[in-house]
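Written below as C-alpha cells is the structure these notes are about.
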Amino acid sequence: MSSKGIVKRSEDFSKWYNELVLKADLAEHSDVRGCMIIKPYGYAIWEKIKDQLDIMFKETGHQNAYFPLLIPKSYLSKEAAHVEGFAKECAVVTHYRLKNSEDGTGVIVDPEAKLEEELIIRPTSETIIWNTYKKWIQSYRDLPILVNQWANVVRWEMRTRLFLRTSEFLWQEGHTAHATKIEAVEETEKMLEVYAQFVQEFMAVPVIKGVKSENERFAGAEETYCIEALMQDGKALQAGTSHFLGQNFAKAFDVTFADKEGNKNHVWATSWGVSTRLMGALVMTHSDDKGLVLPPKLAPIQVVIVPIYKNEDQLLEISEYANSLIKELKSLNISVKFDNDDNKKPGWKFAEYEMKGVPLRIAIGPRDMENQTVELARRDNLSKSTVSQLDLPNLLLETLNLIQNDLFTRSSLFLKENTYSANSIDQMIEILDAKGGFIEAFWNGDSKSEHKIKELTKATIRCIPLNENQTGNCILTGEPNSKKVIFARAY
RNA sequence: CGGGGUGUAGCGUAGCCCGGUUAUCGCGCCUCGUUUGGGACGAGGAGGUCGCAAGUUCGAAUCUUGCCACCCCGACCA
C-alpha cells in the first residue's frame, strides 16, 4: 500500500474498509483487544447521528435516563433465554482493589478484595432496567414508561472489526413498559419506523423492514423487528433492531401493575437499539476508492474552501472573499471549513478532503477572483464545475440537498439491482457466489430448514419482510404455502 | 476459540532462510529557502526497547519456546 490512497474495493473489500476507516481518521485500534478509539472526526459523525436520533426519540415521547454500567451477575440469569444469549460474552468484575505486587514490578489484584457478588459489565441493560421498573410501576397510571439511554456496552467478541463489531461499543437502548400488548407492539413498530426513517433520510441508506426468524431473534424477545441494509460487497448488515419483549422480563422481575378494575397484570415491554455499527453501514454504502463519501446531513464539514495563491496578496484577497462567504453559509446552517494551511498544497488538500468524504469542495484561485467564480467539486460523483460567486450560498444549499437525494437514489438502485429471487438452493448459491445481494425466496417457517439452508449456502434469513403476503414453495423442501423471506450472507 | 499469515522510526518497508562493524529505503516530522489550479522541490536535521518475555550463543532483528496484537478463513454475534 502506498502512503497515499487506499486499496481498491474490487481488489479487497475488507481491506478497503479497514484502510478507509483508519485513513479517513474515523477510528483506530486501542491496545485492548477488540476495542476501538473513535477519533474526533469519526466521533463528530456519530454525534450527528446521535443528535438527530435523540430529537426523533423525544418527538415520539421518550426521555433519556442513565442506568449503571455494572450489573449484579444474578440479574442476568433471571430471564432464561436472555442469559443463554449473553452469558458467553460477558466481562465480569470480581474484585474492587489492586495492590502493589511484592516484587515491586507493578500492581496485582488484591485477593482480599473479592466481591461478594460478582458484577458483569452490561452487554445490554434489560435486566437492571426491569429490576428498576419494578419499583417504578404499581398502577396503570404509571404506564407507559418511555425511556432511552445513551450508553456503552461490552460484549466479549471473538472477532472484531472497527465499528462493525467491537467488544465495547456505543449505542442507545430504548426500554419501554406498557399496560397492553397492543400498545407494546405498536411501540416496537413505531421505533422500527423511526430507525428506518432516520437511516434512509439522514444516512441515505435504504433498508428493508422485517421481523427476524426465531433463530435470529434477540435473547428474551417474543418478536424482533429489524432493518436490513445491503453493503456494496453484497453482504447484508443489520442496521437496527426493535424488540417486542412480551411479558418475559416483567415475569422474570415480577413487574406488575393494577389496572382500572384493580386486577394485577404483568407489564408489556419493548427494547430497541442502534449502535456505532451504523458508522460501518454509512462507510460501506456510499464510499469509493478515493475514500469516504458522506451524506451532507451527517457530514461534520459540508463545504471545504481551498484557496489557491502564489503570494500573500492573493491569499489575502481570497481570504476576504472566503470569510464573507463563510458568514453567509453559516446563516444558512451550512458547516464550512476554510483551509488556509500554508504547509499543504492544494492537490494534497483535495485528496485529503476526498478521503474524509466532505460533500462539497470549493477551490478559489486568482483566476476565479478575477472572473468572480469558484470551482465547485462534488464528492459523491467527483464532478467539477466553475460557477459564479453570485448567489453561491443558495447554490451550495441546493447542491447539498441534491447530493443527499442522489446518494439515496443511487444506493436504492443498488439495493434493487442486487435483490434477486431464487427457486432452488443451487440457484441461490450461484447468485451469492457471483455477486451476493438479497435473495428473495420462500421458506416453510421451520427452524431446521433454516439451519440446513445456512449450512448449504452460508446465508441466513435476514428478515421476513413486513406487509409481505406472497406465498410459494419452500426453497429447501418444496412445501407449498411457505412465506417469502430475504436471505443474504451477512456481517 | 481452531487453521493460516504478519509484526523492524509516526506510516509503509529491506535485511531474517544461511547469527558478526554504526539496521536499509520511501513517505511523514523539524529548520531555511523556493513554491502553490490535483498528493511540490532543494539543502540540512531529528527520530529505533527490531511486538513483549525468556532461552541458545563470545555475539540475536536473524535461531528456539512462550505470550501479545493485527489481518484472512471458519464457529459465535448488533
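In what follows, chains are A, B, ... by sequence order, proteins preceding strands, each numbered from 1.
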Taking the minimum atom-to-atom distance to the side chain of A:E157, which one of B:C72, B:A40, B:C76 wins? B:C76
Is the base of B:G38 touched by the side chain of A:E352 through a donor-acceptor pair closer than 3.5 angstrom? no
Between B:C73 and A:R159, is there an OP1 or OP2 to side-chain N/O distance shorter than 4.0 Å? yes
Candidate nucleotides B:G39, B:G74, B:U36, ranked by approach to the side chain of A:M355 - the nearest: B:G39
If every non-hydrogen atom of A:K349 is compared with every non-hydrogen atom of A:N340, which pair is closest and at what distance? NZ-C, 4.1 Å
Judged by nearest nucleotide, the residue sitting upstream toward the 5' end of RNA chain B, A:K458 or A:L162, is A:L162
Does B:C72 have OP1 or OP2 under 4.0 Å away from a side-chain N or O of A:S14? yes
A:R9/A:D288 ion pair, N-O < 4.0 Å: no
Does A:K384 make a side-chain donor-acceptor contact with the base of B:G38, cut-off 3.5 Å? yes
So what does A:P366 touch, heavy atoms closer than 4.0 Å: a base, only the sugar-phosphate, or nothing? base
Candidate nucleotides B:C76, B:A40, B:G38, ranked by approach to the side chain of A:K345 - the nearest: B:A40
Taking the ring of A:H175 and the ring of A:F249, is the distance between their centroids below 6.0 Å? no
With a cut-off of less than 4.0 Å, is there a side-chain N or O of A:N343 near OP1 or OP2 of B:U35? no
Note every stem involving RNA chain B: at least three consecutive Watson-Crick or G-U wobble pairs, i with j then i+1 with j-1, with both distances under 3.5 Å. B:1-7 with B:68-74, B:10-12 with B:25-27, B:29-34 with B:40-45, B:51-55 with B:63-67
Measure all distances between protein nitrogen or oxygen atoms and nitrogen or oxygen atoms of nucleotides 44-47 of chain B, and list the pairs falling under 3.5 Å.
none

If you look at every strand shown and take non-hydrogen atoms under 4.0 Å, does A:T373 touch a base, only sugar-phosphate, or nothing? nothing
Checking contacts here: which listed nucleotide (B:G39, B:C71, B:G37) is nearest the side-chain heavy atoms of A:R367? B:G37
